[in-house]
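Let me begin by presenting the structure, written as structure tokens, before commenting on it.
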Amino acid sequence: MRAARGRAGGYVVDVSDPVPDPCPCGSGKTFAECCGPLLSTERLAETAEELMRSRYAAYVYGNREHLWRTWHPKTRPVDVVIDPSVRWISLQINDVRDGGADDGAGVVEFTATHDSGTMHERSRFERRAGRWFYLDDQGD
């Protein structure tokens with residue numbers, strides 16, 4: 001299966017491809033069973049880590065709409081900018097603090113590798129009205 005940008009900027013999965021694409025978030029699942037349904041709004045993230053992984057996949061595929069929609073209203077920018085020249089290579093989850101299905105907040109520490117280096121962050125997440133949102137970088 002291949003994820004591709006649809007005409008309206010959404011993502012569709014080509015089920016005619018016999019080899020399923022692995023999800024870029026590194027979960028070991030296919031994109032169609034992992035981050036694909038979150039990027040296409042078929043379902044919401046159940047945990048802070050799942051939202052973090054989907055946001056990484058959104059950077060990989062250039063899905064600004066998913067990033068904007070999952071950014072906390074108190075901290076999100078007016079416009080989400082993705083540098084199209086950056087090629088994201090891998091995601092390593094270093095630590096997860098809270099952020100489970102019954103929590104109201106959580107922290108996910110990760111290292112994302114791209115073609116020019118790495119990005120390390122301790123991301124804070126908050127759940128509002130049953131939905132997880134990226135809040136900000138907690139810093140070191």
Side-chain angles (χ1 to χ4, degrees):
M1 286 184 238
R2 300 275 184 241
R5 189 182 302 267
R7 290 183 194 182
Y11 288 80
V12 295
V13 176
D14 178 1
V15 294
S16 65
D17 187 343
V19 180
D21 276 345
C23 193
C25 80
S27 68
K29 299 176 184 176
T30 66
F31 179 75
E33 64 187 2
C34 189
C35 292
L38 290 124
L39 270 64
S40 67
T41 69
E42 290 175 39
R43 70 176 187 85
L44 298 173
E46 295 178 13
T47 66
E49 179 182 351
E50 188 176 38
L51 182 62
M52 213 290 335
R53 288 180 179 278
S54 75
R55 288 176 56 83
Y56 172 81
Y59 276 101
V60 169
Y61 290 122
N63 188 329
R64 293 180 319 162
E65 195 273 328
H66 178 72
L67 295 170
W68 190 87
R69 185 179 65 248
T70 60
W71 211 312
H72 197 287
K74 288 192 306 188
T75 59
R76 80 173 151 226
V78 174
D79 188 30
V80 176
V81 178
I82 297 175
D83 184 347
S85 69
V86 175
R87 188 169 128 311
W88 294 97
I89 299 168
S90 67
L91 175 67
Q92 171 73 41
I93 302 296
N94 303 324
D95 190 27
V96 177
R97 303 285 170 120
D98 301 320
D102 296 325
D103 293 324
V107 175
V108 180
E109 180 181 359
F110 69 91
T111 303
T113 304
H114 53 85
D115 54 1
S116 299
T118 61
M119 173 188 167
H120 175 260
E121 185 173 306
R122 290 182 54 80
S123 297
R124 292 190 315 152
F125 294 87
E126 184 177 294
R127 197 162 78 172
R128 297 177 60 186
R131 289 183 54 199
W132 282 104
F133 291 92
Y134 168 76
L135 189 58
D136 59 16
D137 175 9
Q138 184 179 38
D140 291 326

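Computation of the quantities below employed the complete heavy-atom set of this structure, encompassing side-chain atoms and omitting hydrogens, waters and symmetry-equivalent molecules.
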Note to self: Do Leu91 and Tyr134 sit in one hydrophobic cluster, given that two such residues count as connected whenever their side-chain heavy atoms are within less than 4.5 Å of each other, even indirectly?
What the structure shows: yes

One should read off an interatomic distance between Met52 CE and Cys25 SG, to the nearest 0.5 angstrom, of 8.0 Å

Can you establish whether the number of heavy atoms outside Asp115 located under 6.0 Å from its atom CG is more than 12? yes

Residue set satisfying side-chain hydrogen bond (donor to acceptor under 3.5 Å, both in side chains) with Thr118, at least two apart, ordered chain then number -> none

All heavy atoms of Thr75 vs all of Leu135, minimum pair found to be OG1-O, 2.5 Å

Would you kindly confirm whether Met119 and Leu51 end up in one hydrophobic cluster when ILVMFWY residues are joined by side chain heavy atoms under 4.5 Å apart?
yes

Side-chain donor-acceptor pairs of residues 123-130 under 3.5 Å, sequence neighbours excluded:
from	atom 1	to	atom 2	distance (Å)
Ser123	OG	Glu121	OE2	2.6
Arg124	NE	Asp136	OD1	2.6
Arg124	NH2	Asp136	OD1	3.2
Arg124	NH2	Asp136	OD2	2.8
Glu126	OE2	His72	NE2	3.1
Arg127	NE	Asp103	O	3.3
Arg127	NH1	Ala101	O	2.3
Arg127	NH2	Ala101	O	3.1

* Given the rule that I, L, V, M, F, W and Y join up when any side-chain heavy atoms are under 4.5 Å apart, are Val86 and Trp68 in one cluster? -> yes

Nearest heavy-atom contact between Ala45 and Leu38 is N-CD2, 3.0 Å

In short, side-chain hydrogen bond (donor to acceptor under 3.5 Å, both in side chains) pairs touching residues 51-60 with sequence neighbours left out are Glu49-Arg53, Ser54-His66, Arg55-Thr70

Taken in chain and number order and not counting sequence neighbours, the residues that satisfy side-chain hydrogen bond (donor to acceptor under 3.5 Å, both in side chains) with Asn94 are Thr111

The complete set of salt bridge (charged side-chain N to carboxylate O under 4.0 Å, His left out) pairs with one or both residues in residues 69-83, sequence neighbours excluded, reads Arg64-Asp79, Glu65-Arg69

Side chain proximity check, Ile82 to Leu67, heavy atoms < 4.5 angstrom: yes

Sequence neighbours excluded, the answer for side chain to side chain contact (heavy atoms under 4.5 Å, CB included) partners of Asp95 is Arg97, Glu109, Arg122

Glu46 and Trp132, any side-chain heavy atoms less than 4.5 Å apart:
no

> So, does Glu33 use its side chain to make a donor-acceptor pair with the main chain of Lys29 at under 3.5 Å?
Replying inline: no

